Participant: 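Sharing a structure below in structure tokens format, with a few things to ask.
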Amino acid sequence: MSDIIKLLPDSVANQIAAGEVVQRPASVVKELIENSIDAGASDIKLVAKDAGRTLVQVTDNGNGMSESDARMSFERHATSKIDSAKDLFALRTMGFRGEALASIASVARVEMKSRQKEVPLGTEIIIEGSKLISQQPCQAAQGTTIAVKNLFFNTPARRNFLKSDNVEKAHVFNEFLRVALAYPEISFSYYHNDKLITQANNENKGHRIVSLFGNHYKERLIPVEEKTQIVEIEGYVLKPEFAKKRRGDQFFFVNNRYIKSPYLNHAVENAFSELIPDDSHPSFFLFLNIDPSQIDVNVHPTKTEIKFQDEKTLYQILKVCVKRSLGKFNIAPTLDFEQDGAFSNIRFDKEKPVVPPTIDVDPDYNPFNTQKSSTSSGKNLAARTNPQQWEKLFPQPQHSGMSNRPEMQPEQGNQHESKQTIISAGWDEEEQISSTKKFMHLHGRYILSSIKSGLMILDQQRVHERILFEKHLKILKSRKSSSQTLLFPEQIKLTEHDTHLLEDIMGDVAALGFEINKFGKNSFMVNAVPTEIAENENLQSIIESILDNFKRNSADVKLEAPVNVARALAKSMSVKYGKVMSEAEMNALTDELFSCEMPYQTPSGKPTLTIIKQQEISGRLK
Ligand code: ADP
Ligand code: MG
């Protein structure tokens, strides 16, 4: 029999390697950007078209390549990064197998232009499906541009395996994020279909996170830092109240390379365990610096898993250091674990029938009316609270301090009923007694309340903003608003720009209960308003401030329109500072806050409350 073993042609070998290295456009993004970083670039521009299917192009201002290096770079196992196997153990560069360019060029059309510093002319090379199409000298800026076109043009099976544009686009963006996060000292920009998506200039780690994730992250980050012999840890965790139901923004970088490690994730989650609900996950950006010889590099470069030599110690260090940061930044001490748990239990069971209050009071009674209602601030708080809810909340234990309000004293039976509700919602007797609601109003701005662990201070406007936001969002999502027709429709006039904006978001504004019709150029007629808005309020200024807030929010973060409208409305309708509050109002506001899904911060991420622990108070009084 004749011999049957033969060597595969290079182009086929490259295509096989490509199967490992290049799974989707995002893999190309990763390889090209990593090469640019290895080439010492300080400015990297990524351009993609059609989720990277037709084009992924990376331009850098790095070292560039000589004419022969440019050609060599497309050969398999061609790399400038290692000379011998021992280099593998001291590796700090991104690539080292010399496979990426060869693999990519076997499944796409690659156009490369590169010029080294002090060399007048650069080199342009075009390769398609591993075949050299052309190579010639060219004018070029210092650095390298590599354009990868029509990925998988010759491998239809791989092309068909790609997911929808949205999915591929998300992968591309994620790869971009991961490198951009790891190298804040490098400027990055990303364009998709000719639109600038993200731009981040040379900055530090914290700023980079904010540039990439939005301004609202500024207040969310808690720094983490630790230097030990084994590992140096640096980065940020997000405050516990920003924990997510999905494992979203969890970033680990080891020696500046993004990695996935369920084990280390667990360490961080463990540090958060008493601060967030069981089904939530913290977000973090953690950068570990470890001696490369302590890591197993013998893993595939495109894989994000990694093996550490002393995993258990690393786990402990990480956990302790995150815990310490949470404590240092006052999260652990302020949000007393026990108390925190009790708060999240205050949510009232909406399924349970609400026992009609058998209270001998005027059903229209509203505590807010005892204040100068709907005057200067123009806000009618009355209509915005849910009387049923807070009547239900009154049946507190006898020592609740409410007995001095005879009109609110509930009947025995009802008291019992509601107490049951509270107990079954997770409060024990002691908790009830200790969290007796007593409020004090400070500087027209803060609500002070004594709680078991110390003193809770709420910011009235922020609290109200959170409550209104959740309420409006619910209405918007269910499209079940209640609207009241105005006796006298009111005309409002807007600027050209605001007119367009209002027309754009009219659907959502209408869903809230507004009925607004165009009434000539830049002018509208308001025929109906949400029931929360009192008849005599200044609609012109309410609508203007909704639009203003909307503009501010959409510049801040890209939010879906309903969220944005709800945010804007909450902000503009929330009770302002300076408004004096009665005990009943403060009580109602507090209770409503704790039946919110996310009571601890405003929709834009500012804290709604803080807690001063009793120990802290007694410490100060020593
Ligand atoms: P590796 O990165 O593993 O060495 P690649 O196939 O990604 O393998 O790249 C091959 C070689 O091409 C690199 O080692 C480097 O010398 C050169 N190269 C690739 N991209 C660039 C770039 N943007 N600037 C300068 N040199 C580059
Ligand atoms: Mg590489």
Side-chain angles (χ1 to χ4, degrees), residues 10-11 13-23 25-47 56-85 87-88 90-108 110-119 122-127 130 132 135 138 140-148 151 175-176 178-179 182-183 186-189 255-258 292 297-304:
D10 261 0
S11 57
N14 284 341
Q15 266 194 26
I16 294 170
E20 269 187 272
V21 181
V22 191
Q23 276 120 25
S27 330
V28 175
V29 169
K30 174 181 192 292
E31 296 297 338
L32 296 187
I33 297 184
E34 288 188 350
N35 280 344
S36 297
I37 291 168
D38 284 345
S42 63
D43 193 353
I44 297 175
K45 178 179 171 189
L46 166 66
V47 175
V56 171
Q57 177 183 297
V58 171
T59 301
D60 68 53
N61 62 351
N63 299 330
M65 283 173 265
S66 70
E67 193 188 333
S68 62
D69 278 357
R71 180 68 194 88
M72 270 293 281
S73 68
F74 289 102
E75 295 297 329
R76 211 140 75 90
H77 304 307
T79 177
S80 53
K81 297 166 194 172
I82 53 168
D83 288 329
S84 67
D87 288 352
L88 280 174
L91 226 59
R92 286 208 180 249
T93 61
M94 306 297 255
F96 59 88
R97 299 187 14 157
E99 273 182 324
L101 285 186
S103 302
I104 294 167
S106 72
V107 289
V110 179
E111 301 174 6
M112 171 203 275
K113 268 189 187 183
S114 190
R115 183 172 73 79
Q116 289 178 303
K117 222 177 168 172
E118 285 142 21
V119 176
T123 308
E124 184 190 60
I125 291 183
I126 299 176
I127 290 191
S130 291
L132 180 70
Q135 170 163 5
C138 73
Q142 187 211 315
T144 306
T145 294
I146 300 182
V148 175
L151 187 65
E175 287 300 348
F176 174 82
R178 289 167 188 176
V179 266
Y183 293 89
I186 298 177
S187 301
F188 283 94
S189 53
N255 299 348
N256 273 354
R257 179 186 280 278
Y258 170 82
V297 293
N298 199 13
V299 282
H300 196 280
T302 64
K303 290 229 175 89
T304 44

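Quick caveat: nothing in here was measured; it's all calculated off a predicted structure. Indexing begins at 1, ligand by ligand and atom by atom, following the structure's order.
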Participant: Hey, does D60 sit under 4.0 Å from ligand 1 if you only count heavy atoms?
Facilitator: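 Yes; D60 lies near enough to ligand 1 that a heavy-atom distance drops under 4.0 Å.
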Participant: Check if E31 has a non-hydrogen atom at a distance under 4.0 Å from any atom of ligand 1.
Facilitator: no
Participant: Taking S36 as the fixed residue, which of I146, V58, V179 is the one that meets the side chain to side chain contact (heavy atoms under 4.5 Å, CB included) rule?
Facilitator: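 Answer to the side chain to side chain contact (heavy atoms under 4.5 Å, CB included) test with S36 among I146, V58, V179: V58.
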Participant: So between I33, I37, N35, whose heavy atom ends up nearest atom 20 (N) of ligand 1?
Facilitator: N35
Participant: Within ligand 1, which atoms have a heavy atom of T144 less than 4.0 Å away?
Facilitator: 22 (C), 23 (N), 24 (N), 25 (C)
Participant: Please indicate whether E67 has more than 12 foreign heavy atoms, meaning atoms of other residues, nucleotides or ligands, lying under 6.0 Å from its CD.
Facilitator: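 Result for CD/E67: open.
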Participant: Give a yes or no answer on whether the side chain of D60 reaches the backbone of I44 with a donor-acceptor pair at less than 3.5 Å.
Facilitator: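 Between the backbone of I44 and the side chain of D60 there is no qualifying donor-acceptor contact (under 3.5 Å).
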Participant: Given side chain to side chain contact (heavy atoms under 4.5 Å, CB included), test E34 with R257 step by step and report yes or no.
Facilitator: CA-CA 10 Å; E34 288 188 350; R257 179 186 280 278; 3.9 Å; yes
Participant: Just checking, is any N or O donor in the side chain of S130 or S106 under 3.5 Å from an acceptor N or O on the other one?
Facilitator: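 Not at all, the side chains of S130 and S106 share no donor-acceptor pair under 3.5 Å.
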Participant: How far does OG of S27 sit from CD1 of I104, to the nearest 0.5 angstrom?
Facilitator: 8.0 Å
Participant: Using a 4.0 Å heavy-atom cut-off, which part of L32 comes near ligand 1: side chain, backbone, both, or neither?
Facilitator: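 Neither; no heavy atom under 4.0 Å.
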Participant: Is A100 touching ligand 1 with its side chain, its backbone, both, or neither, if touching means heavy atoms under 4.0 Å apart?
Facilitator: both
Participant: With heavy atoms under 4.0 Å as the rule, classify the contact between L101 and ligand 1 as side chain, backbone, both or neither.
Facilitator: both
